[in-house]
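Just so it is clear: chains get the letters A, B, ... in the order the sequence lines come, proteins before strands, and each one is counted from 1.
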There are 2 protein chains.
Amino acid sequence: MDRRPTIVDVARQAGVSKSTVSLVLQNSALVKEETRQQVRQAMADIGYVYNRAAATLRSANAGLIGLVINDLRNPFFTEFATSLQMALSAAGYATVLANTDEDPDLQGQVVSAMLEHGVSALIIAPTYGQEDATFGAISRAGIPALQVLRKVVPEVDRFPFAAPDYLAGGRLAARHLLDLGARRIAFLGGLEGREVTYQRMSGYLAVLAAAGLPPLVLPGRPGRAFGREAARLLARSHPDVDAVICFNDLVALGLLSGCAEIGRRVGPDLKIVGFDDIEDCAQVFPGLTSVRCDIACFGQRMAETMLRWLRDGCAPPPETLTPVELIARGSTLSR
Amino acid sequence: MDRRPTIVDVARQAGVSKSTVSLVLQNSALVKEETRQQVRQAMADIGYVYNRAAATLRSANAGLIGLVINDLRNPFFTEFATSLQMALSAAGYATVLANTDEDPDLQGQVVSAMLEHGVSALIIAPTYGQEDATFGAISRAGIPALQVLRKVVPEVDRFPFAAPDYLAGGRLAARHLLDLGARRIAFLGGLEGREVTYQRMSGYLAVLAAAGLPPLVLPGRPGRAFGREAARLLARSHPDVDAVICFNDLVALGLLSGCAEIGRRVGPDLKIVGFDDIEDCAQVFPGLTSVRCDIACFGQRMAETMLRWLRDGCAPPPETLTPVELIARGSTLSR
DNA sequence: CTGAAAGCGCTTACAG
DNA sequence: CTGAAAGCGCTTACAG
């Protein structure tokens, strides 16, 4: 047997027609149990492998879902992608994954490639820029698509949006610090002009305004390197700052390292809150207080949402915000 | 236009036959430049999207490569998967990715699913267990497949193996510590019975044996949590240990946290070397000395290797070990 | 250089 | 419940 066996080979082996084999493949209730057994046995005997390309061509369902991620190296997104992929896999869908590295051109390319491959749906943690090119192409393809974690196009009826409730998270973080007696609270990291930065910052701004305290916003790249440098910057240029809310955990973890480096005590001297609650937060010392988005759960939830949309035609609500909670750890203890 | 346009529609629009359109799609030199332009224009005009499923059915090349990873949450593997995917994407291949979470059953499942999807090739960072089920299926499908980072089946002619030179890495780490005056060096982490654990340990064992020093091996799960606990274990049960080589960076970073927690000075009191050199190593304080595997480069290299195999039929050598180097940082400084 | 025809391996109505 | 036939959108020889 040098070529791959087809349903015709299976049919011959089992002594039925190829239509019957096809029905068995689809778990149709039309086929008698005994026949089903025979067919399955025949498949096993000749080593049949289902050819999805052929099935796709006829029925226009590839069983393939595209997952596009703006920064897959960030553990927050890794966890998201992993939990989503595993949930889809359990439901019989394979995941085509691409990292766009915050590059809009790359994003356009990979989305086109996925559409050519006939993905049945797309879940996209988008990057900013060239939104029309990317989402226009998806729109023309007419497949279900979810924008997650960042809203980059306003058409949430066509492209429903879901994310953790960043605003509430920022509020929780700010209140936590106020309750602990902090009086000069900064917001650190996140690129200026990005909607997601503003989202994560706005709860903080609201709480400070309500308390009659002035905000201090120090934008920066959302990675460890910036956080680490910021430790020096804070000590030198803003010695009055007694607490910091970071754009994400990477910035916060960098800041933690930076404080260790310059010998500033995290907790008593400077309280630090991260955002996302990636796994590292619980493992570093002192532990990093963070806003838990439960991204693994969020990933599973997005998988279910998409499966429901695909299977029952039941589109999700235009906007979904999932709850967040504050996890207090050593980085905000006073001693 | 409610159905997706096909090459027939493009042909009609451009006033040529559908064969010609197909040739244009394949960038065939047979088509006159002027005709090519017309056809491309027609595609753009009617919003044509290439249907790869149809092409695959006829020509048996899906332009899809499967990537199977045993632990995608570990930044080492994330970086590997990301760099590989991006290199494949640049070459026009889409990547189907799955995390197996070290579960052999899951691995069998996702590999089957990928074969059904007609992946042209497979790159697999395998888990231990049920090797025959997984690799038997790949073998029957007859597609090129690479086992990377771990060798789990001995048939390296059929499944070429590539990984960083772990043995050399262990040797570098041990020599580095001996040169710095360490006299009681432990090897920490890695599950017993796994080939990869032995690989990473063997350079250490060889160097210690040559120096006439007794080894101390403390196996454990390859994550931060184990490393952190190990700080206590070492201080209590093995106070004479003055240096540690860790199975991977996660263990080492956990150990770093654990030492901070119990107030043990990393460097002067205890020297620590990690393995992999993930990005965090340079960002923590003190910086973590580690064995650099340059996994991003390794990922790109594997992409090229596979592309050459696929395009030129040029199979890689049965075993490839890529060089590693020791990156010294604060965690092995004496003060 | 271009066109007409067959065929890849399935699914889908439609008869029986 | 099962079978014969058409067709999904391409590619691939084969003529011209």
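- Checking C/dG9, D/dG9, D/dT11 against every side-chain atom of B/Lys18, the shortest atom distance belongs to D/dT11.
- Between B/Thr6 and the phosphate of D/dG9, there is no side-chain N or O to OP1/OP2 separation shorter than 4.0 Å.
- A/Asn99 approaches B/Gln85 most closely through the heavy-atom pair N-OE1, 2.8 Å.
- One can place NE2 of B/His117 at 18 Å from P of C/dG9, the figure rounded to the nearest angstrom.
- Set against D/dG7, D/dT11, D/dT2, the side chain of B/Ser22 has D/dT11 as its closest nucleotide.
- Nucleotide C/dC10 holds its P atom 5 Å from the CD1 atom of A/Ile7, rounded to whole Å.
- Residues A/Glu79 and A/Ser83 bring no donor and acceptor atom of their side chains to less than 3.5 Å of each other.
- The side chain of A/Leu57 approaches D/dC8 more closely than any other nucleotide in the set D/dC8, C/dT11, D/dT11.
- Looking only at atom types and distance, the side chain of B/Glu33 has a donor-acceptor partner in the side chain of B/Gln37 under 3.5 Å away.
- If you measure from atom CG of B/Asn51 to atom P of D/dC8, you get 12 Å, rounded to the nearest angstrom.
- Checking C/dT2 for Watson-Crick or G-U wobble geometry (two distances, each under 3.5 Å) identifies D/dA15 as its partner.
- In terms of position along DNA chain D, the nucleotide closest to A/Ser59 lies nearer the 5' end than the nucleotide closest to the other residue of the pair A/Ser59 and B/Val21.
- A straight line from OH of B/Tyr48 to P of D/dG9 spans 10 Å, rounded to a whole angstrom.
- Taking 4.0 angstrom as the limit, A/Ser17 places a side-chain polar atom (N or O) nearer than this to OP1 or OP2 of D/dG3.
- Taking only side-chain atoms of A/Ser19, from C-beta outward, the nucleotide of C/dT12, C/dC1, C/dC10 with the closest atom is C/dT12.
- With rounding to whole Å, B/Asp9 atom CG is found 9 Å from D/dG9 atom P.
- In summary, the side chains of A/Gln300 and A/Glu304 do not present any donor paired with an acceptor at a separation below 3.5 Å, with no hydrogens or angles considered.
- OP1 or OP2 of D/dG3 lies within a sub-4.0 Å distance of a side-chain N or O belonging to A/Thr20.
- Comparing D/dT12, C/dT11, D/dT2 by their nearest atom to the side chain of A/Leu23 picks out D/dT2.
- In the set C/dG3, C/dG9, C/dT11, C/dT11 carries the atom at the smallest distance from any side-chain atom of A/Tyr50.
- A donor-acceptor contact closer than 3.5 angstrom links the side chains of B/Asp45 and B/Gln41.
- Here the side chain of A/Gln26 is nearest to one of C/dC10, D/dT2, C/dT12, namely C/dT12.
- At the heavy-atom level, B/Val8 lies nowhere under 4.0 Å from the strands shown.
- Under the 3.5 Å distance criterion, with hydrogens and angles disregarded, no donor-acceptor pair is assigned to the side chains of A/Gln107 and A/Thr127.
- Toward the 5' end of DNA chain C, the nearer of the two residues B/Arg58 and B/Leu30, judged by each one's closest nucleotide, is B/Leu30.
- Counting non-hydrogen atoms under 4.0 angstrom, A/Thr35 reaches the backbone sugars and phosphates but no base.
- At whole-Å resolution of the value, CZ in A/Arg36 and P in D/dC1 are 9 Å apart.
- Taking atom CG of residue A/Asn61 and atom P of nucleotide D/dC8, one finds them 18 Å apart after rounding to whole Å.
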